[in-house]
Every structure is written in C-alpha cells, then in structure tokens.
Student: 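This is the structure, below, for whatever I ask next.
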There are 2 protein chains.
Amino acid sequence: MLAEIAHDFYVGSNRFKNEKILKHLNVTSTMKKSITIKDIAKKLNVSTATVSRALRNSSEISKETKLAVIKIAKEMHYHPNLLARSLIKKSSKVLGVVVPTINRQFWSNSISGIESVAYKKGYKVMIFQSAESYQKEVEIVEILANSMVDGILIAFSKETQNYDHIEDLKERGIPVLLFERVCDSIPISKVTTDDFLGAKRIVNHLIERGKKRIAFIGGPLSLTVCMDRFLGYKSSLVENGIPFDQNLVIELSEFTTELSVIAFKNLWSSGESPDAVFCFADILALGVLAASKELGIKVPEDLAIAGFGNDDITKYVSPSITTMSQPSFEIGQLAAKLILKEINFEEKDEFEYKTEIVKPDLIVREST
Amino acid sequence: MLAEIAHDFYVGSNRFKNEKILKHLNVTSTMKKSITIKDIAKKLNVSTATVSRALRNSSEISKETKLAVIKIAKEMHYHPNLLARSLIKKSSKVLGVVVPTINRQFWSNSISGIESVAYKKGYKVMIFQSAESYQKEVEIVEILANSMVDGILIAFSKETQNYDHIEDLKERGIPVLLFERVCDSIPISKVTTDDFLGAKRIVNHLIERGKKRIAFIGGPLSLTVCMDRFLGYKSSLVENGIPFDQNLVIELSEFTTELSVIAFKNLWSSGESPDAVFCFADILALGVLAASKELGIKVPEDLAIAGFGNDDITKYVSPSITTMSQPSFEIGQLAAKLILKEINFEEKDEFEYKTEIVKPDLIVREST
DNA sequence: TTGTATGCGTTATCAC
DNA sequence: GTGATAACGCATACAA
C-alpha cells in the first residue's frame, strides 16, 4: 500500500512542499518525519497504548517497560503532539485573550498578569487585538472558540454595543470572562475597577485641598469605564456643594497626548482656567503638563490622574500629583484565576458567576 | 453500544464534569454536544466528505448540495474544529512568540507589530514571557514546538547563552526567527536594530555639540544589544579623539528608573560629573532626570536616549533630547513578514536565511 | 458530483 | 500489565 510505504518517508508537514517528490517515494529527500508513539511502539514491539501509558507514567505499567519506553523515546527524539492530545481530551489548555490593543501599558500589564497566572497552572495564552473594532472582535472570538480554547477573556472594544457574540460563547458552553471593559446585561464573570468610587475619592481629595474648579479630561463616555469615572466626578462635586460646570468637562475620543494638549489649551484660553485637573491615564496627564509648559503657565499644582498608576511615567514629571492606581497586572491575575476556577470547577450544580470589583488605590505625592 | 448511544448525549468537553451522569445516560442533562460535520451529514443523508467539501466551497460539489449543507450548518450552529483541521493539515496557523516580558513598551510594541501582520495573513499569535529566565525559555519553546505552531519568534532572555533549544527547533524543521535579542552563532533569520551604528550616531551628535564628558548608562553588556551600543559609544569617542573614561560607564543589571537614579547620583557625586548622558531606554532617562532634579542640578542639557523612541514618555519631560528611535512595532512587523515568508516558501531549494538590520533613526529635539 | 475508506497522533475502553 | 481497537473532528485519495 502506497500510503503505508509513504508513511516512512512522509515528512508530515506542509512546511515541506515537495509532496510530489515524496509521493514518488524519492528517498533522497532530506526531510525528517516526526516521531510518534507509533514509531516507539514498533521499535519496542509493544502497542501504542502501552507507550502512551508509559509516557504518561501510568501506574498500570511495569517499571521495566516504562523505562524502556522512555529510553527509546529520548533516543528517537520523541515529542508529544499537544494538538492531538487536545482533540481527544477536549481541552487545549489555552486561554484566549482579546484586548483593544496590546501596546498600551494598561493592557499589556493585564495580559502579563493573565499570562503569569495561566502559565503557572499549565495554560497557554493566545492573544488578539480588536483594534477597537467590533467587527474584528467578533471575528476573533469566533476563531478562538473554534480553536477549542478552554476559556476566553475579553475587554470590549470601544465600538462594542452588541453582545451576541458573548451570548453565543455561553451557549456553546465556553467559559467567558469580561474584564475592565465590560457590560451589565450579561450574567457572566467580570473583573473591573471601581471607577466610580476611585473617581469620587480622587475628586474628594482635590476638593479637600481647596480646589473649586476641577477640570475633567476623559475618554469617550460610551465606555463604562469613562462614564463611571464621570459619574464619580460629578457625584463628588454634588456632595461637596460645588456647582458642576459643563465647560470644565472634556470628552476625548482617544487616549493620546496630542488630544489632551489641545484640550487643555482650549480649556485654558477659554478663560475657564481650572485650578485642578482630573484626567484619565498618565498619557493624558503628560499632555496637560506639556500644554501648561507651552502656555508658560505653572503646572497645575494639583493634578489628579486616574490611570493604571505607572509611576515610572509620571513620578519624575510632576512633583505634586495624585494617582488613582488601577492595578492592571493584578486585574489580569484576578481575571485569570477566576476563569480558571470556572474552567475547572468541580461542583455538580451550576457555576456561579462572580463579579470582582477592584478598588483602586489613591496615591498622593506631595510636592517637596 | 454504549459509546454509540452516549455520543448523542456526550457534551464533548471536560468543562462539563458530570461524566458519570452522562455515562448513565441521564438525559436530563442540559449540556449540548458540539455539532460536527458528521451531524450535518446524517441530517442531509450525505457523506461527511461531501459536507466537508461543501463547507470548504470545493469546486467539485454541486451548487444545490453546497447551499443545502451551508443552510443546515447554520441552522445547527455548526462551527469547524480548527484543532482537528490543524492535525490533518499539519499547520495550526499559529505563530509562537517568546519575549522576556510583555509589559514593557518595547516588547509589547513588537508583539503588536507581529500580531498585526500575522492576523492579516490568517495567523494567530501565541505569546509567552520568559521572564528573563533561560530555564523558562527552554520550557516554553518545547511547549510551542509540541503545539504544532507554524513558526516561532524569539527574543532571548538575559540569561540565555546556550542555544541548543534553537538548534533543536531547526532540527525538527520548525521555522524560527530571532529578533532584537539574538545570537551570532546560528544560521537563522534575524531581525535586529543596528545598535552599533545608532549609538555611534548619537554620540557623534553629542560630540558635535561640543560635549566631552559623555556618560554611558546602559544595561548588562552580556546582551548583544547593550554590547553593540557600548562599542558604538566607544567607537565614536575614539574616532573623535576623545579619551574613553571607564568612570563614566555604568552597567546596570536591569532597566529600572530606580537603578538609573542611583547610578546618576553616584556618577555626579563622585566628581566625575558628565556634560552629557547617553542612556538606554526612556525608562532610564526618566531616572536621570529625576536624579538631576533631586540633586538640584540642571537637567543635563544634552541627554541622549537610545530607546524605542516612545516620544510620549520623554517628549514633555526634557526640552532638549536626542532619541535613537528603535521602531519596535516595525521590527515586529518585519519579523512576522520574514517568518511567514519562510513558512510559506515555495522554492524547492533550501530557504535562505535573512538577517534584517533596522537602522535606527536619530530624532533631535532642540530646546526652544 | 458524490461516497468509501483511511489517516492525522493521541487517549480511552474493553478485553485478555 | 498489556494489546486491539475505537474514538476525537476533519480532510483527502481513490472509487464509483
């Protein structure tokens, strides 16, 4: 049988394109076929079952055969095919992660947190960027689901308003967890920051320091994160009897220094100069600092940043700054732990979805 | 046959742990089994082969059956199993990436570049962090190789001195590409920055501005990146007739602001005060700025940074700065393109390894 | 144009 | 303890 003979020479990879040659059994081919348990079995005159068991250190295999198998396996440079194992085990030991973008500290930190936990538990991580596109997000989710990942962690894109793709995953029985950019309507595990509280605290703090005209420079309010912070900001003002002034509120479509530079300049030149600024993310804070420098005005004495609190960026920039620290790495860790628990739950009853809300810390750095 | 009957109820996932119940054919189970081409075939009274071909839009299938198959597939919520396909095709359409750490701009930018190119070509990306550990790097490479990834991109950990794991991959016929943190000894595709030239240029620039005592604050010289920059630095001094002073050279074990703060302070207080600083990465530059502030001295008028050139971080910090821009995103893109070419090469002859050396740009920002 | 049979590499089931 | 053999879900050579 051709197939039978060919097997001994077939390289087993589309990397080697000379299939025609192989079909003609051109033995001069230098390609190597990959070693399988079948090969080991043949060499030892045992069954593949025995080899499989021996390699997995099953208790029902005699020590001698075990050793023999392992010895030959090493000699032949055997490597188990994880895909084949996944197929039969119905678990790939892979977590899928979807974030808006990977090259922004907050998200890469989260991923790092996810990866660190996953790796310890023997899981791999597959990463995708939605690039803030709903379309792409849906596409990615489909790929992940079809790849038999054991669980999917998602931070929604800015565009995402429809959650059918998530419902779909649930229907297919695939564990999903939303983190940071979430939605309310779906009963599902979530990990978020308590942005409302964080914003409130930070604005309270500014007010305590005697500030009255506190500007708000934030991202698109369509994102729950941003909206929550906005509400926290407003709530603090109300509770402290400070009139809310729409002119002090700036909603940016993107998180870029450029935009915040423009925003702050406009704010300032409009005669509405604030005495403090509450802004999202250090990236925006840098913009504010830059703009104030450029305008030749003193850097706002009280600048509050609600970001992930990467001190490295802001620490040496402004002497007096208050940060609402969003522990992105920890959020990632928490998210991974939670979904792994869901994946490996042992209960007989329905899994209970949990929403973990991380309370951001307030880091106050006084000018010296 | 039990197995036969069970199939209709078997959910097909270890996510559902109630296997005992299933074995007893407890039909009350709410779990859904996943739909396969077999199910579609049964429903339509055709063979699985036909379904398979129809779904893949094969030209040898009549339009009617195609449409019928697709219709039923949708109705039954069929989703192809990518793992099974990979097993047969011997290609998972996945690229593996190993970086020292993901939550550092340079690496996350690179990954972003890789991911963006890969995604466009229908490839997924699997990411791992070696955490600068050789041990972990080897472990990861083994996992990736056994997962049938189509190619592996690696940036070595700081510890990595032995390259057997890479040789191993080559032996197994798995395309590998080294980027940024590479080694010379292996004939293999590589993408690096021309750090020697970059450093030389940047130091030349400082010298042109009249600087004579140029400090060097860099990472561990065991890394080729760092060594190359050091050599470039030295080369520039020599060519410009400026004596090399070992006291002005500081080798840090890690890239942290803290360490560079200490380094700069020591440098300054030792009476060896430089008139310019050439330092790696903006993260170190921030340290230098912080230290100079703290010491109450003027920020070095000429601070040169050899980093990935994330302007956001340094732009608003120092008015006068020179950056050796390391286009990390582009390096990632280039790396992905290169390995994809290797994976999909059509030639019959041996693939030719290519070393792409990205020339860093010099970005000079004058104080206004 | 479609069906049959076989295989991808592994593990699970049931014999012995 | 070990061996046959059937899965896993899909794709393809060969037949019809």
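Chain letters run A, B, ... following the sequence lines, proteins first, then strands; residues in each count from 1.
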Student: Within the 4.0 Å heavy-atom criterion, would you say T65(B) contacts the bases, only the backbone, or no part of the nucleic acid?
Tutor: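 T65(B): backbone/sugar contact only, no base atoms under 4.0 Å.
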Student: Which one, dG7(C), dA12(C), dA7(D), comes nearest to the side chain of K89(A)?
Tutor: dA12(C)
Student: Is the shortest side-chain N/O distance from S62(A) to OP1 or OP2 of dG1(D) below 4.0 Å?
Tutor: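 No, S62(A) has no side-chain N/O under 4.0 Å of OP1/OP2 on dG1(D).
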Student: Can you tell which of I339(B), D168(B), I188(B) makes a side chain to side chain contact (heavy atoms under 4.5 Å, CB included) with V176(B)?
Tutor: I188(B)
Student: Toward the 5' end of DNA chain C, which comes first, E60(B) or I88(A), by nearest nucleotide?
Tutor: E60(B)
Student: Between the side chains of K124(B) and E142(A), is the shortest nitrogen-to-carboxylate-oxygen separation below 4.0 Å, so that they form an ion pair?
Tutor: no
Student: Just to be sure I understand the rule, does N146(B) reach a base, reach only the sugar-phosphate, or reach nothing, if contact means heavy atoms closer than 4.0 Å?
Tutor: nothing
Student: When you measure from the side-chain N and O atoms of T48(A) to the phosphate of dT10(C), is any distance below 4.0 Å, counting only OP1 and OP2?
Tutor: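 So the side chain of T48(A) is outside the cut-off, no N or O lying under 4.0 Å from OP1 or OP2 of dT10(C).
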Student: Among dT2(C), dT5(D), dT10(C), which is the nearest nucleotide to the side chain of N81(A)?
Tutor: dT10(C)
Student: Quick one: sort the F156(A) and H165(A) rings into parallel, tilted or perpendicular, breaks at 30° and 60°.
Tutor: tilted
Student: Which of the following nucleotides, dT2(D), dG9(D), dT10(C), is nearest to the side chain of L87(B)?
Tutor: dG9(D)
Student: Relative to the 5' end of DNA chain D, which residue comes earlier, R53(B) or H79(B), by the nucleotide with the nearest heavy atom?
Tutor: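 Result of the comparison: H79(B).
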Student: Is the shortest side-chain N/O distance from T50(B) to OP1 or OP2 of dT2(C) below 4.0 Å?
Tutor: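 Negative; the distance criterion is not met.
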Student: Name the closest nucleotide to the A84(B) side chain, picking from dT2(D), dG9(D), dT2(C).
Tutor: dG9(D)
Student: Counting heavy atoms from C-beta on, name the nucleotide in dT2(D), dT11(C), dT2(C) closest to the side chain of R85(A).
Tutor: dT11(C)
Student: Please determine if a side-chain N or O atom of R56(B) lies less than 4.0 Å away from the OP1 or OP2 oxygen of dA11(D).
Tutor: yes
Student: Could you tell me whether E167(B) atom CD has more than 12 heavy atoms of other residues or ligands within 6.0 Å of it?
Tutor: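 Above 12, so yes.
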Student: Quick one: is K90(B) getting a side-chain N or O under 4.0 Å of the dA11(D) phosphate, OP1 or OP2?
Tutor: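 For K90(B), the contact criterion (side-chain N or O under 4.0 Å from OP1 or OP2 of dA11(D)) is not met.
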Student: Is there a side-chain polar atom (N or O) of S47(A) under 4.0 Å from OP1 or OP2 of dG3(D)?
Tutor: yes
